[in-house]
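Every chain is numbered from 1, with letters handed out A, B, ... down the list of sequences. When reading the values below, keep in mind they use all heavy atoms of this one structure, side chains included, and skip hydrogens, waters and symmetry mates.
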2 protein chains.
Amino acid sequence: MTRHYNFCAGPAALPEAVLVRARDELLDYRGRGLSVMEMSHRSPEYVAIAEQAERDLRELLAIPDNYRVLFTQGGATLQFAAVPYNLLGLGGQANFLHTGIWGKKAIAEARHLFGDAPVAASSEAGGHAAVPRQSDIALTEDAAYLHYTANETIGGLEFDYIPEAVRPDGRQIPLVCDMSSSILSGPLDVSRFGVIYAGAQKNIGPAGLVVVIVREDLLDRARADMPSLLGYRALAEAGSMVNTPATYSWYLAGLVFQWLKDDIGGLAAMDAINNRKAEKLYAAIDGSELYSNPIARRNRSRMNIPFVLADDRLDKPFLEGAEAAGLLNLKGHRSVGGMRASLYNAVPEAAVDALIEFMGDFERRKG
Amino acid sequence: MTRHYNFCAGPAALPEAVLVRARDELLDYRGRGLSVMEMSHRSPEYVAIAEQAERDLRELLAIPDNYRVLFTQGGATLQFAAVPYNLLGLGGQANFLHTGIWGKKAIAEARHLFGDAPVAASSEAGGHAAVPRQSDIALTEDAAYLHYTANETIGGLEFDYIPEAVRPDGRQIPLVCDMSSSILSGPLDVSRFGVIYAGAQKNIGPAGLVVVIVREDLLDRARADMPSLLGYRALAEAGSMVNTPATYSWYLAGLVFQWLKDDIGGLAAMDAINNRKAEKLYAAIDGSELYSNPIARRNRSRMNIPFVLADDRLDKPFLEGAEAAGLLNLKGHRSVGGMRASLYNAVPEAAVDALIEFMGDFERRKG
C-alpha cells in the first residue's frame, strides 16, 4: 500500500487513522456481523453512531444548547436554496457579502428563486484580494439575514473576522455562513451565527453529506413552498431522519470528529497545527522569486493556498514533477489556473514540508 | 470477522464481494496512493470510475441511448419534489397510483408543492392487498404524467405489470416510477418509462445516492422555480456534477453493478435467483399454521416479504431467537408490525434457507 500526499481542494484528504479504522470495520462493525453501510438508520446500533457523532461535533465546536445540528444531503449547493427557503418566510431579503466564486453561486441561487439578493459588500473590484471591512458592509432596510462565505476555496481568501449583521435601523439580523472549507480548522464562537452550513468533503468527511448548525429560534421562519426535505424544522424534529440519511458518510464524519478529539487534542491544537502549516508555505512562497500569491496577508486562507509561477510554461513540468514526488492534486481551479495547495486538517505537516522542499528544488533547477 | 444474514429493508445488505473489494481498496485505490473518498470528482481517475458505473448500469438494464442516467442526492424523497418540478413546467397535473405508504408520500409532496395531485387508481380500500388493474386506472384530462411505486417496501406489494399511461383523449403521457426497492431485481423494459428513479440503499449501494433514468425529451419541461440542483437538464449536461456528487457511494454502486455482471451473470440470472428465494419463503409461510402473508399472490413482492405470527405474543421470542441465530433485522415496519424479510439481490439464497429452517424450528417449538 502506498499513501501519497493529497492537496486536493475537495473531496479532500482524510486522516489516515480514520481510513484505517473504516477499513477494519468495513465488513463487520464491532462484532455486529454487518457493515455500517448495511444498518437500518433506525437501528439502535446506527442511532448510537449518529448520536455520538453529533455529541462529538458539539463538544469540538462548543455548540450552545439552543442550536440544532442537522446531517443532510445535497452539499452546500442545495443549502444555497435551503437557506432562503428557511429564512425568508417572514418576508425581507437575503443580503450577501460577495468575496468570490462560492459567494457568487449562493447569490445566484437566491436570485434564481426569489428575484433579488442585494450585495451588502463586495471584494470584486479588487479582484477578491481582500475581504470587505466591517465598515464597508451596508445592509438593506429589509435585510432578513446576511450570508457570507468564510473561506473562498478557489480564490484562497478567508475572513479574518466574524461580520456583524446590523440593519440601518439598528436591528441585528441572523448571520449565515457557508463554512464548507474552513469549519473545524480552529475554535469558533458559534453563538455569533444564525446558521452555519458546511459540505463535508473538506474537513468533515466524504462528499454527499452537509452539516447545518441552526439556532432554534430560526426554525419557524420557513416559506411554505419548499421541498419538504429542505425544511430545517422537520429535519431537526426527526433527528435528521426525515428520510434515510447518508448513513455511511455520517459514520465517517463521526470518525473524523473522534480523530480531532483524541488524536489531535481538539480544535485549539488543530488551530496551532494549521497556523504552522500555512505560515511555512506562505513563507516559502514569499521568499521565492518563482512563486507568488496575490491575497492580502490578513485574508490569506489557511486551508487553500493558490500560487502562480512567474512563467506559466513551467506549470506543466511543476505538476509532473510534483506528482512524480507523490504530491498530488496541486493544479489550480480551472477558472483561475496556476497552482493550489489545500492544507485541510487531514493534510499532515510532513506533506507541507515535502511540498516546500519540492518547490525549492524545482525553483533551483528550473526557475 | 463475523457476517450475519441481514434482512434489513434499507439501508440493506450489500454483496460481501463488494465489501471485500471496497475494504481492500479503501486506503489506496489501485496504486494511486489515495482513497476513492479523497479523489477530486473531476480527476481523470474518478471520472473513469463514474463513467464505468454508468456504462455498467446501462448494459445491465439495456438502457436505450435516448435516456440519460443521473447520479444525485437526497433519496427518493427529494425526487418526490424533483419529478413534479421537472415535468410540470408545461402545465397539467401529476396523476398517481396509490398502493401504499411510499406512493402516499409521493402524492403528499406533489400536493404540498402544487396543490393537487389526482389519484388515478388506489388499492387503499382493499388494504393494499393487490395493485389496481390497468382497467381501474382513470387519468385526468390534464394529466401531465402518471407516477407509481413499482414495489411497496413496507406493504410488500409489487406490480406484476407495467401500467399504460393514456389520458381520456387517447394521448400517451410519460410513466414515472419510484423503483427504489425493486430496481435491478430482474430485466426491465426501460423504454416503457419516462422517468425511473431509485434510492440506492436497497439494490444499488449505500444510502445517500439516488439514480434517475430520464428520457431525453423530458429534460425541457421543467418549472423555473425549483432549486437548481434538482434540475434534470443541468444534471444531465454536467454528467451529474453540477456540484460535488456523492463520490464514494457512486463508486460503491459501480462495484455492485460489476458484481451483478461478473459474479451473478446479469439480470436474467438475478431474476431467477430472486424468484427462487421468494418462492421458497412464500411456500414456507403458506405451508405453516403460524405464519401468514396478506398479499394477493400475483402482487406479492419478491424483495420485501412481510408476515405475521398467528399469536403476536410470539413476536418477541421470534425476533430474539432469530437474532441469536444470526438472522438480523426481521422486525416489520413500525407502521404495520409483525415481521418482514427483505430479500434484496445481495441477500444470498443460503440466508433464505437459514430463515426458513429457523421459522420451521420455531413453529415446532412455540407455535
- Item | Derivation and outcome, side-chain contact (heavy atoms from CB on, under 4.5 Å), residues A:Val210 and A:Gln79 | CA-CA 9 Å; A:Val210 57; A:Gln79 291 304 310; 4.0 Å; yes
[range]: residues contacting chain B (heavy atom under 4.5 Å, by number):
range	answer
residues 326-338 of chain A	A:Leu328, A:Asn329, A:Arg334
residues 227-245 of chain A	A:Pro227, A:Ser228, A:Leu229, A:Leu230, A:Asn243, A:Thr244, A:Pro245
residues 199-208 of chain A	A:Gln201, A:Pro206, A:Ala207, A:Gly208
residues 1-15 of chain A	A:Met1, A:Thr2, A:Arg3, A:His4, A:Asn6, A:Cys8, A:Gly10, A:Pro11, A:Ala12, A:Ala13, A:Leu14

- Item | B:Phe71 side chain near B:Val212 side chain, heavy-atom distance below 4.5 Å | no
- Task: Indicate yes or no: at least one non-hydrogen side-chain atom of A:Thr77 is less than 4.5 angstrom from one of A:Glu109.
- Result: no
- Crowded around B:Glu25 CD? As in, over 12 foreign heavy atoms under 6.0 Å? yes
- So, do A:Tyr46 and A:His41 have ring centers that fall under 6.0 Å from each other? no
- Interchain contact, B:Leu34 with chain A, by part (heavy-atom threshold 4.5 Å): both
- Give, as side chain, backbone, both or neither, the part of B:Ala246 having an atom under 4.5 angstrom from any heavy atom of chain A. both
- Test side chain to side chain contact (heavy atoms under 4.5 Å, CB included), reference A:Thr153, set A:Pro306, A:Ser182, A:Ser181, output is A:Ser181
- Could you point out which residue of B:Val36, B:Val18, B:Leu19 forms a side chain to side chain contact (heavy atoms under 4.5 Å, CB included) with B:Leu255? B:Val18
Chain B contact via [X] - side chain, backbone, both or neither, heavy atoms under 4.5 Å:
X	result
A:Met37	both
A:Leu27	both
A:Ala224	backbone
A:Val20	both
A:Ser249	neither

- Task: Evaluate side-chain contact (heavy atoms from CB on, under 4.5 Å) for A:Leu26 paired with A:Arg23, printing each intermediate quantity in order.
- Result: CA-CA 5 Å; A:Leu26 201 125; A:Arg23 180 193 63 194; 5.6 Å; no
- Let me see the working for B:Tyr197 and B:Val83 under side-chain contact (heavy atoms from CB on, under 4.5 Å), right down to the final yes or no. CA-CA 9 Å; B:Tyr197 63 91; B:Val83 168; 3.9 Å; yes
- Electrostatic pair A:Glu320-A:Lys316, nearest N-O below 4.0 angstrom: yes
- Message: Set out, in order, the CA-CA distance, both residues' side-chain angles and the distance that settles side-chain contact (heavy atoms from CB on, under 4.5 Å) for B:Asn86 and B:Arg223, then state yes or no.
- Response: CA-CA 6 Å; B:Asn86 276 283; B:Arg223 295 173 56 98; over 6 Å; no
- Among B:Glu16, B:His112, B:Arg32, B:Lys105, the residue with the most heavy-atom pairs under 4.5 Å to chain A is B:His112
- Query: Do you know which of B:Phe114, B:Phe80, B:Tyr85, B:Trp250 has the most heavy-atom pairs under 4.5 Å to chain A?
  - Reply: B:Tyr85
Any chance you could measure [X], atom [atom1], to [Y], atom [atom2], to the nearest 0.5 Å?
X	Y	atom1	atom2	result
B:Met226	B:Leu88	CE	CG	10.5 Å
B:Asp116	B:Arg111	CG	CZ	6.0 Å
B:Phe96	B:His147	CZ	NE2	5.5 Å
A:Asn304	A:Asn151	CG	CG	5.0 Å
A:Ile154	A:Arg340	CD1	CZ	6.0 Å
B:Asp178	B:Trp102	CG	CH2	8.5 Å

- Among A:Leu113, A:Asp225, A:Asp24, the residue with the most heavy-atom pairs under 4.5 Å to chain B is A:Leu113
- Partner chain B: residue of A:Ala81, A:Gly75, A:Gly74 with the largest heavy-atom pair count (under 4.5 Å): A:Gly74
- Minimum heavy-atom distance between A:Ala341 and A:Leu355, given as atom pair plus value: CB-CD2, 3.8 Å
- Note on the structure: Closest non-hydrogen contact found for A:Ala17 with A:Asp263 is CB-OD2, 3.8 Å
- Taking the inter-plane angle between the rings of B:Tyr251 and B:Tyr29 on a 0 to 90° scale, is it parallel (under 30°), tilted (30 to 60°) or perpendicular (over 60°)? perpendicular
- Message: If we ignore hydrogens and angles and just use 3.5 Å, is the side chain of A:Ser342 paired with the main-chain N or O of A:Tyr344 as donor and acceptor?
- Response: no
